[in-house]
Amino acid sequence: MSQNIYDDQEFFDGYAQLPRSRCGLDGAPEWPALRAMLPDLRGKSVADLGCGYGWFCRYASEAGASEVLGIELSEKMLARARELTRGGNIHYQQGDLERLVLPEQGLDLVYSSLTLHYLPDLDPLFAAAHRALRPGGWLVFSMEHPIHTCPSVQQWVNDREGRRSWAVNGYQAEGRRVSNWLADGVVKYHRTLGATLNALMAAGFALRHVNEWGPSAEQIAIEPALAEEAERPMLVLIAAQK
C-alpha cells in the first residue's frame, strides 16, 4: 500500500498552510499551463487521481463535466474535499492508486496533479487509465520533475561566490527517495523523464504535450519568490491521448 503521509497530522497541518491548499488552483503557479493542456470538459466524464481537497473536481464540474470521480488515499483529504464540495455530480472515494480500478472505457479524461511521484511503479496506473478511457480520451498529469527528485538530498547549494545551484546527482539511479518536507520520512520515487514517457507509450498512449514547467516573467514579477523555480524545472506537465 502507498505511504499515506497526508493522514500524518504534522504533514497535513503543514500542507494546509500552502498557497495551493488555501487558494486552490489559483494558488498553484503551474495551473495556467496545466489548464491549457486540458480538453474541453463539457459533457465529459472525468476522474481525478489523488484529488486532495477536490479543487480540480470542482473546477471540472463548473467547466461542464457530466460526472466527476475523485480518488484519494487520505481520509483527512477526503473529509476536507467533501466539506468544500456542493456539486451533485462529484463523487469521492478512497482508493490506493497502486491498485487502481476504473470503469472500462467509461472516462474521457483522467487527471492527476502532483501525485504520481509517490508511486513506485507507474505501469499499472497507466494501463488502468488507458483501459478506462474511451477512444480519443486524455490523460493529463503533473509530477515532480526528475531533476528535482533525483538528488539524495533535495536542496539548493551555495558555491564560494554565493551563487545558488540545484544539486543534480544520482539521476540514472531510479527508485525510492526519502525527504523531510513538512514532516520527516516522506517517501517519493525518482524515475528519469525518459522512463515516464516510455511507460506512457508502452501503455498505448500518444504523447501530445510535455512542459518542463517554469514560471513566466509575469508570474515572477507578481511573486518574486518564484524566481528560483526558473533555475531548474521543479515540475513536469504531460498530456497524452488514447
Side-chain donor/acceptor of Glu72 to backbone N/O of Gly52, under 3.5 Å: yes

Check: Glu144/Thr149 side-chain N/O donor and acceptor closer than 3.5 Å: no

Test log, rule ring pair (Phe, Tyr, Trp, His ring centres under 6.0 Å), inputs Tyr189 and Tyr118: CA-CA 6 Å; Tyr189 292 87; Tyr118 292 111; 9.0 Å; no

Would you call Glu231-Arg164 a salt bridge at under 4.0 Å N-O? no

Under 6.0 Å between ring centres: does that hold for Trp166 and His148? yes

With rounding to the nearest 0.5 angstrom, report the SG to CZ distance, Cys150 to Arg177. 7.0 Å

Less than 6.0 angstrom from the centroid, inside 45 degrees of the normal: does Arg80 satisfy that with respect to the ring of Tyr53? yes

Using the side chain to side chain donor-acceptor pair (under 3.5 Å) criterion, which residues pair with Arg35? Sequence neighbours excluded. none

Those residues that, when tested against Glu104, pass salt bridge (Lys or Arg N to Asp or Glu O under 4.0 Å) (two or more places apart): none

Could you tell me if the ring centre of Tyr111 sits under 6.0 Å from that of Phe56? yes

In the structure I gave you, are the side-chain heavy atoms of Lys242 and Gln105 within less than 4.5 Å of one another anywhere? yes

Going through the checks in order, is the side chain to side chain donor-acceptor pair (under 3.5 Å) test met by Thr192 and Glu174? CA-CA 7 Å; Thr192 67; Glu174 298 183 327; 3.3 Å; yes

Under 3.5 Å donor-acceptor, His209 side chain and Met37 backbone: no

Counting distance only, does the side-chain N/O of Asp108 pair as donor-acceptor with the main-chain N or O of Ser45 below 3.5 Å? yes

Which residues share a side chain to side chain donor-acceptor pair (under 3.5 Å) with Thr85, sequence neighbours left out: Arg58, Tyr92

Would you say the ring centers of Trp31 and Tyr59 fall short of 6.0 Å from each other? yes

